[in-house]
Amino acid sequence: NFKVNRKENSFLIWFHAASIGELKSIIPIINELNNKNIEFLITTVTLSSSKIASEELKIFNNVQHRFFPLDVHFLIKKFLDSWSPNAIFLVDSEIWPNLIFEANLKNIPIALINARITNKTFKKWLIFPKTAEKIFGFFKMCLTSNLETKDFLEKLNVKNVFFNGNIKLISNINTKRNDNLNKNYLMQNKFWLAASTHVGEEIFCIKTHLKIKEKIKDIITIIAPRHIDKVKKIKSLCEKFNLKTEVLNKDQSISKGKEIIIINTFGILQDYFNMAKSVFIGKSILKKFKNDGGQNPIDAAKLGCKIYHGPYVYNFDDIYKFLKANNVSKEIQNFNELGENIIKDFEDPVQKGNHIYNLINKLGDETFKKTMKDINKFLSNEIY
């Protein structure tokens, strides 16, 4: 982690993005800031995000990826001494007190971007209001992902808090991707996709599959679990229902006659959004997700999918409200309702459209312009 490789006299900007969604959202920002005198350090915490980082960041010759060190004082101090960043951006809800305190001691300006504080987290901070005010007071700027977070931070007396929109709206997406080797097979069959499912939602997907099967005998259900280390358990659960199931590894063709396909690869969800007409997005149907439910629906929307989700989408509430208002997403309560909607989608001759792609891009462009304006002010010391 401390293998340091940086040029002399360069300006180093450090972005810390916990996982895949956050990582993808900062790539357009890096692209915009990029010039020959700047270097970038990107840190993440998950193995999956490090794999995506090596893929997504290879277009740059001045961006390096490392794992984020544990937020222990001596490790953070060593990391900062080794890299000596000129500015630090923490993305989303990455609040690491030792890093924040140490950066302040070293006079390294630090900002929080796409900040997201839930009601539950805010209540925890309120138990120690003085500590909370001190920690958040070290941020020279906070750009929030929603108005609720802006309100929470202002209640903690944080200065320079701005809401420009959710930067996940600006992540680039290739709507012309056409290289999935299973495309021809899937386009000749009827299938739907359950994306980013969490433990406990697989049985919901199986029951939905059986509901659809009453009307469409050869229906294929594709399950892309959020955590692919669960694929074996999902497979054995499907087989208990006597469903012909296949775990699909990287660069593998789907076998004919399979009913349930379980995706066992990182970073290819976009391919399936590109092909699917109907998508259920997980972490939304079980009551245990009431306070932190919802996965990012933006890529699915940009790629013209009809999106279904359960009642628990707190993390992306503002995005889902926008999608619902534009008739792109629909809340469902149970597997019967989801099954009936997907059957209707197959009966509907309307093809996938890209009108929502243009709508989201317009919103993303506005967010991007305002965000870059504030980031540039922060980097040139104009904001404080």
Side-chain angles (χ1 to χ4, degrees), residues 6 10-18 22-23 25-35 37-44 63 68-69 71 73 76-77 79-117 121-122 125 128-168 170 367-384:
R6 70 166 293 199
S10 70
F11 189 92
L12 180 73
I13 301 174
W14 174 13
F15 284 92
H16 174 56
E22 290 75 43
L23 172 69
S25 70
I26 60 168
I27 289 170
I29 294 171
I30 292 168
N31 206 30
E32 186 75 9
L33 291 173
N34 198 7
N35 72 48
N37 299 318
I38 294 182
E39 287 189 284
F40 300 93
L41 170 66
I42 312 291
T43 55
T44 59
V63 181
F68 184 75
D71 193 49
H73 179 257
I76 289 293
K77 188 176 184 309
F79 196 87
L80 285 172
D81 286 342
S82 305
W83 283 96
S84 298
N86 298 90
I88 301 170
F89 292 97
L90 302 183
V91 185
D92 210 306
S93 47
E94 292 296 293
I95 314 295
W96 297 103
N98 283 310
L99 169 60
I100 295 162
F101 279 112
E102 196 59 32
N104 182 64
L105 284 175
K106 293 180 185 300
N107 290 316
I108 304 167
I110 187 164
L112 186 59
I113 60 171
N114 220 41
R116 184 171 58 90
I117 295 172
T121 307
F122 178 62
W125 283 115
F128 308 104
K130 290 276 180 281
T131 306
E133 283 183 30
K134 192 171 184 185
I135 289 170
F136 284 102
F138 288 136
F139 286 111
K140 306 293 186 207
M141 177 182 78
C142 293
L143 305 183
T144 70
S145 64
N146 54 43
L147 286 166
E148 182 182 54
T149 298
K150 183 175 189 279
D151 183 47
F152 288 156
L153 288 173
E154 284 170 347
K155 281 176 178 162
L156 292 171
N157 296 317
V158 181
K159 304 288 184 287
N160 298 321
V161 181
F162 309 106
F163 169 66
N164 298 322
N166 191 321
I167 66 168
K168 286 182 178 174
I170 70 177
T367 295
F368 189 46
K369 276 179 198 156
K370 291 175 186 170
T371 299
M372 288 313 305
K373 192 176 174 186
D374 286 336
I375 284 174
N376 282 315
K377 277 185 179 177
F378 167 79
L379 289 171
S380 56
N381 293 347
E382 288 174 40
I383 214 148
Y384 54 90

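For clarity, every value in this text was computed on a predicted model and none was experimentally measured.
For T44 (side chain) and A17 (main-chain N/O), no donor-acceptor pair under 3.5 Å exists by modelled atom type. A donor-acceptor distance shorter than 3.5 angstrom exists from the side chain of S145 to the backbone of A115, with no hydrogens or angles considered.
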What pairs of donor and acceptor atoms, side-chain ones from residues 85-95 against any protein atom, are under 3.5 angstrom apart with sequence neighbours left out?
from	atom 1	to	atom 2	distance (Å)
N86	OD1	L12	N	2.7
D92	OD1	R116	NE	3.0
D92	OD1	R116	NH2	3.4
E94	OE1	H16	NE2	2.7
E94	OE1	W96	NE1	2.8

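Contact annotation: the side chain of N34 approaches that of F40 to within less than 4.5 Å [non-hydrogen atoms, C-beta and beyond]. Using a 4.5 Å heavy-atom threshold, the side chains of N376 and L33 count as touching. Within the 4.5 Å cutoff, side-chain heavy atoms of N114 are placed close to those of K168. Side chains of E148 and D151 form no contact here, defined as non-hydrogen atoms less than 4.5 Å apart. Annotation: side chain of F15 is in contact with side chain of I29 (closest heavy-atom distance under 4.5 Å). Between K155 and F122 the shortest side-chain heavy-atom distance falls below 4.5 Å. Looking at heavy atoms from C-beta onward, W14 lies in side-chain contact with L99 at the 4.5 angstrom threshold.
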Could you go through the side chain to side chain contact (heavy atoms under 4.5 Å, CB included) check for L143 and I167 one step at a time? CA-CA 10 Å; L143 305 183; I167 66 168; over 6 Å; no
Given the rule in the side chain to side chain contact (heavy atoms under 4.5 Å, CB included) test, do N104 and I100 qualify, once you have shown the distances and angles that lead to the verdict? CA-CA 6 Å; N104 182 64; I100 295 162; 5.8 Å; no
Practice prompt. I would like to know whether E32 and F368 meet side chain to side chain contact (heavy atoms under 4.5 Å, CB included); could you show each step before the answer?
Written response: CA-CA 10 Å; E32 186 75 9; F368 189 46; 3.8 Å; yes
Derivation of the side chain to side chain contact (heavy atoms under 4.5 Å, CB included) call for L41 and F79: CA-CA 12 Å; L41 170 66; F79 196 87; 3.8 Å; yes
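Taking a 6.0 Å sphere around NZ of K369, one finds it holds 12 or fewer heavy atoms contributed by other residues, nucleotides or ligands.
To the nearest 0.5 angstrom, F162 atom CZ is 7.0 Å from K377 atom NZ. Here the straight-line distance linking atom CD1 of I375 with atom OG of S380 works out to 11.5 Å at 0.5 Å rounding. Summarising the geometry, atom CD1 belonging to I117 is positioned 6.5 Å from atom CG belonging to L156; distances are rounded to the nearest 0.5 Å. In this structure, CD1 on I76 lies 8.5 Å from CD on E102, to the nearest 0.5 angstrom. Interatomic distance, CD1 of I110 versus CE of M141, reported as 11.5 Å (0.5 Å rounding). Separation of atoms OG1 (T371) and CD1 (I26) is listed at 13.0 Å; rounding is to 0.5 Å.
Between F101 and F138, the ring planes lie perpendicular to each other; the angle is over 60°, past the 30° to 60° tilted range. Using cut-offs of 30° and 60° for the angle between ring planes, the W125 and F136 rings count as perpendicular.
Closest approach of F139 to A111, counting heavy atoms only: CD2-C, 3.7 Å. Taking both residues in full, the closest heavy atoms of C142 and V158 are given as SG-CG1, 4.0 Å, listed atom of the first, atom of the second, then distance. Closest approach of F163 to K150, counting heavy atoms only: CB-CD, 3.8 Å.
Scored by the side chain to side chain donor-acceptor pair (under 3.5 Å) test, N98 finds no partners at all (sequence neighbours excluded). Applying the side chain to side chain donor-acceptor pair (under 3.5 Å) criterion to K159, with sequence neighbours excluded, gives no partner residue.
A side-chain contact (heavy atoms from CB on, under 4.5 Å) with T144 holds for exactly one of I113, L153, L112; it is L153.
For D374 and K370, the salt-bridge test fails: no basic side-chain N is under 4.0 Å from an acidic carboxylate O.
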